[in-house]
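Throughout, residue positions are numbered sequentially from 1 according to the sequence presented. Quick note: numbers below take in every heavy atom, side chains included, and nothing from hydrogens, waters or symmetry partners.
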Amino acid sequence: MKKFVIQYTLEKGLSVERTIEAESRENVAAMALSEQIVQFEDVFGELNLFNKDDIKLVKIKDYIEPVNTSRRGG
């Protein structure tokens, strides 16, 4: 399965992203549209729940592995 990122917009320009696995973008869209409660874990490890009526789906994009670099001064 491929990984995709779903980006939702909350009030006043606040956006949150969630990574999920699915077969295709169409499957991701179907899952996103069928949810009534959307949950996100923030950077502090707290789970946030939002009612579907309070948010809107902005975009679905391909997941890109984060790049870890190490730089040493010398």
| note | Rounding to 0.5 Å, atoms OH (Y8) and CD1 (I60) come to a distance of 8.0 Å

| request: State, to 0.1 Å, how close A32 and I6 come at their nearest heavy-atom pair, and which atoms those are. | output: CB-CD1, 4.2 Å

| task | List in chain and number order the residues that pass side-chain hydrogen bond (donor to acceptor under 3.5 Å, both in side chains) with E17, two or more places apart in sequence or in another chain; answer none if no residue qualifies. | result | Q7, K61

| field | I64: hydrophobic cluster co-members (side-chain, 4.5 Å) | value | none

| field | Nearest-0.5 Å distance, CD of residue E21 to CE of residue M31 | value | 9.5 Å

| request: State which residues pass side-chain hydrogen bond (donor to acceptor under 3.5 Å, both in side chains) with E46; sequence neighbours excluded, sorted by chain then number. | output: none

| task | Sequence neighbours left out, what passes side chain to side chain contact (heavy atoms under 4.5 Å, CB included) with S34? Give chain and number order. | result | none

| task | Just jot down the side chain to side chain contact (heavy atoms under 4.5 Å, CB included) partners of K2, sequence neighbours excluded, or say none. | result | F4, D62

| task | Go through the structure and list residues passing side chain to side chain contact (heavy atoms under 4.5 Å, CB included) with E23, not counting sequence neighbours. | result | M1, N27

| Residues in ring pair (Phe, Tyr, Trp, His ring centres under 6.0 Å) contact with F50, at least two apart in sequence or another chain | F40

